[in-house]
There are 2 protein chains.
Amino acid sequence: MTSSSAFGNGVIQQRNLVEQVADYLTKAIISQRYAPGERLSEVQLARDLGVSRAPVREAARLLESRGLLVSQPRRGFFVRALDASELIDVFDLRLCLERHAMARLVDNYDAQKEQALRRQVELMCEVALHDSDSRKIEEDLVFHRMLIDFSGNRRLLKVFDDITHELRLCIALIGKTHAEPDTIATCHWQLLDALASGDPQRCREAIDYHIGVARDYVVQGIGESS
Amino acid sequence: MTSSSAFGNGVIQQRNLVEQVADYLTKAIISQRYAPGERLSEVQLARDLGVSRAPVREAARLLESRGLLVSQPRRGFFVRALDASELIDVFDLRLCLERHAMARLVDNYDAQKEQALRRQVELMCEVALHDSDSRKIEEDLVFHRMLIDFSGNRRLLKVFDDITHELRLCIALIGKTHAEPDTIATCHWQLLDALASGDPQRCREAIDYHIGVARDYVVQGIGESS
DNA sequence: CCTTTTCAAACTGTCGACAGTCGGCAATCG
DNA sequence: CGATTGCCGACTGTCGACAGTTTGAAAAGG
């Protein structure tokens with residue numbers, strides 16, 4: 001019970017406690033060790049992690065702003081439970097962001113950006129053959145983050161980073177493995193080809209198709225799980 | 001100066017302390033009672049408002065997630081100082097959101113929504129003639145919020161609500177009065193006409209023009225102030 | 001046996017306090 | 001006189017504690 005001896009028990013050691021608690025919670029939620037809708041007790045968490053309630057509270061508020069937790073006044077925090085329409089909304093928002101990023105990116109596309117993106121797709125093809133699903137998802141997110149980063153709008157990137165956590169949760173909730181390696185490769189090469197062509201219309205069609213595939217996966221996944 | 005007698009001095013009384021502190025800070029920042037880049041001391045704020053540091057901290061974190069404050073580890077919170085490119089990015093993000101909302105809205109537009117929007121524009125024309133600049137800005141934001149709300153994507157709305165605070169700060173930093181009443185009216189009627197026509201292309205042109213006007217104001221405002 | 005009331009346990013919101021750290025200023029040295 | 005180093009004050013990060021409220025269940029009543 002003593003806090004000093006509980007340090008060995010808790011996963012937390014040093015650095016910013018808030019960040020560490022946030023990391024711990026994020027992973028726990030996405031890996032569904034906490035069920036959707038489950039209530040999280042501040043004191044319980046603080047005890048389990050061997051820290052006081054203050055860092056736990058701050059971390060929870062952070063996750064709330066990222067959409068992984070929801071809070072009810074005087075009731076506490078609950079693991080976000082996404083229903084079908086919310087899942088669709090998230091992917092629709094993602095489409096909104098990436099469409100815009102593609103439109104901006106095609107205007108200031110250069111060899112350096114193309115090479116970086118190309119390299120990332122090659123990496124994705126690599127991990128698609130050998131690595132775990134979560135690794136595939138992470139590399140896919142890295143690619144799309146690069147797309148938005150290269151668009152030049154840092155505010156856009158911030159929004160994307162925010163919904164990234166929500167996206168991971170969505171993907172985890174659907175519980176389906178990612179698409180086939182071939183599909184992944186084809187989809188992403190199409191995006192690069194569209195960018196290289198310099199044609200905005202073609203870019204838009206490419207990203208619409210790309211996110212559309214992802215969204216269809218979501219809708220389909222919902223139909224199966226619920 | 002004493003903390004106990006400062007209760008009368010402080011603006012805070014009851015309800016959720018966090019919300020009240022957040023409101024107070026938001027208004028103070030947007031009205032520029034705190035200069036951009038100014039450092040905010042937690043203890044100082046807590047003393048001034050007659051509360052403890054905990055609610056102040058939480059409120060500050062909330063404002064940070066909304067982009068009104070930035071935090072440096074171990075240094076504290078600073079009032080967000082927006083430079084030119086950041087202002088442009090914010091308005092570009094806004095364009096991204098509203099374009100998407102318009103595209104979604106035109107697909108499920110009905111008489112009820114049209115009437116609500118129409119009424120709001122009429123209200124805006126009204127306040128454009130008689131009321132203060134801040135009131136005009138608020139009603140303008142209400143209109144654009146309705147636009148996004150009616151698009152049906154609640155996640156989109158959440159992002160918009162987040163950047164609303166940042167938008168107010170942008171507008172305040174530019175320090176220009178809003179456009180002429182005639183301009184406001186024309187711009188917004190054009191949006192409604194485009195929606196009524198049911199033509200996606202026309203909708204897009206209308207919103208592009210609309211936000212473009214706002215962005216030009218921003219760029220122009222920067223050129224003058226800096 | 002089912003409904004209602006009451007009570008205790010647990011939890012959140014808030015507070016004051018302590019320790020480690022950072023920034024600025026002065027004293028010392030070259 | 002300029003640069004470096006040590007010190008002092010202030011502040012953030014973190015902690016434990018208390019009060020009011022909510023929850024769940026036990027007890028009382030129909």
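All values below were derived from every heavy atom in this structure, side-chain atoms included, with hydrogens, water molecules and symmetry-related copies excluded. Numbers restart at 1 for each chain; the letters A, B, ... are given by sequence-line order, proteins then strands.
Remark: P of dC11(D) and CZ of F78(B) are 12 Å apart, rounded to the nearest angstrom. With rounding to whole Å, L17(B) atom CG is found 7 Å from dT14(C) atom C1'. Taking atom CD of residue E42(A) and atom P of nucleotide dT14(D), one finds them 15 Å apart after rounding to whole Å. Taking atom CZ on R47(A) and atom P on dC11(C), their separation rounds to 6 Å, with Å as the unit. In this structure, Q72(B) atom CD and dG13(D) atom C1' are separated by 16 Å, rounded to whole Å. F77(A) has its CZ atom 21 Å from the P atom of dA10(C), to the nearest Å.
Between K158(B) and D161(B) no salt bridge is recorded (no basic side-chain N to carboxylate O distance below 4.0 Å).
Considering only residues two or more places apart in sequence or on other chains, E114(B) meets the salt bridge (charged side-chain N to carboxylate O under 4.0 Å, His left out) condition with R118(B). In this view, L156(B) and L93(A), C96(A), L97(B), H100(B), A101(B), I148(B), S151(B), N153(B) satisfy the side-chain contact (heavy atoms from CB on, under 4.5 Å) rule, not counting sequence neighbours. Shown here are the side-chain contact (heavy atoms from CB on, under 4.5 Å) partners of R39(B), two or more places apart in sequence or in another chain: R75(B), F78(B). The side-chain contact (heavy atoms from CB on, under 4.5 Å) test applied to A116(B) returns M146(B), F150(B), not counting sequence neighbours. Checked against side-chain contact (heavy atoms from CB on, under 4.5 Å), E42(A) has the following partners two or more places apart in sequence or in another chain: R53(A), R57(A), F77(A). A search for salt bridge (charged side-chain N to carboxylate O under 4.0 Å, His left out) contacts involving R61(A) returns E64(A), E58(B), not counting sequence neighbours. In this structure H210(A) satisfies the ring-ring contact (aromatic ring centres under 6.0 Å, His included) test together with H144(A), H188(A), sequence neighbours excluded.
Legend: salt bridge (charged side-chain N to carboxylate O under 4.0 Å, His left out) pairs involving residues 96-111 of chain B, not counting sequence neighbours, sorted by first then second residue: D92(A)-R104(B), R94(B)-E98(B), R99(B)-D208(B). For residues 146-156 of chain B, the set of pairs meeting the salt bridge (charged side-chain N to carboxylate O under 4.0 Å, His left out) definition, not counting sequence neighbours, comprises E166(A)-R155(B).
Nearest to the side-chain atoms of Q44(A) among the listed nucleotides dC15(C), dC11(C), dT12(D) stands dC11(C). Here the side chain of N16(B) is nearest to one of dT12(D), dT14(C), dC11(C), namely dT14(C).
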Please write out the pairs of protein N or O atoms and N or O atoms of nucleotides 21-23 of chain D separated by less than 3.5 Å, giving the distance to one decimal.
from, atom 1, to, atom 2, distance (Å)
dT23(D), OP1, R75(A), NE, 3.2

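Axis angle between the ends of the helix from dC1(C)-dG30(D) to dG30(C)-dC1(D), five pairs each and rounded to 10 degrees, works out to 10°.
For DNA chain D, the residues of residues 52-71 of chain B within the heavy-atom distance limit of 4.0 Å (strictly under) are R53(B), R57(B), sorted by number.
When all heavy atoms of V79(A) and L69(A) are compared, the pair lying nearest together is CA-CD2, 3.8 Å.
No engagement by L45(B) is indicated, since no non-hydrogen atom pair under 4.0 Å with the nucleic acid exists.
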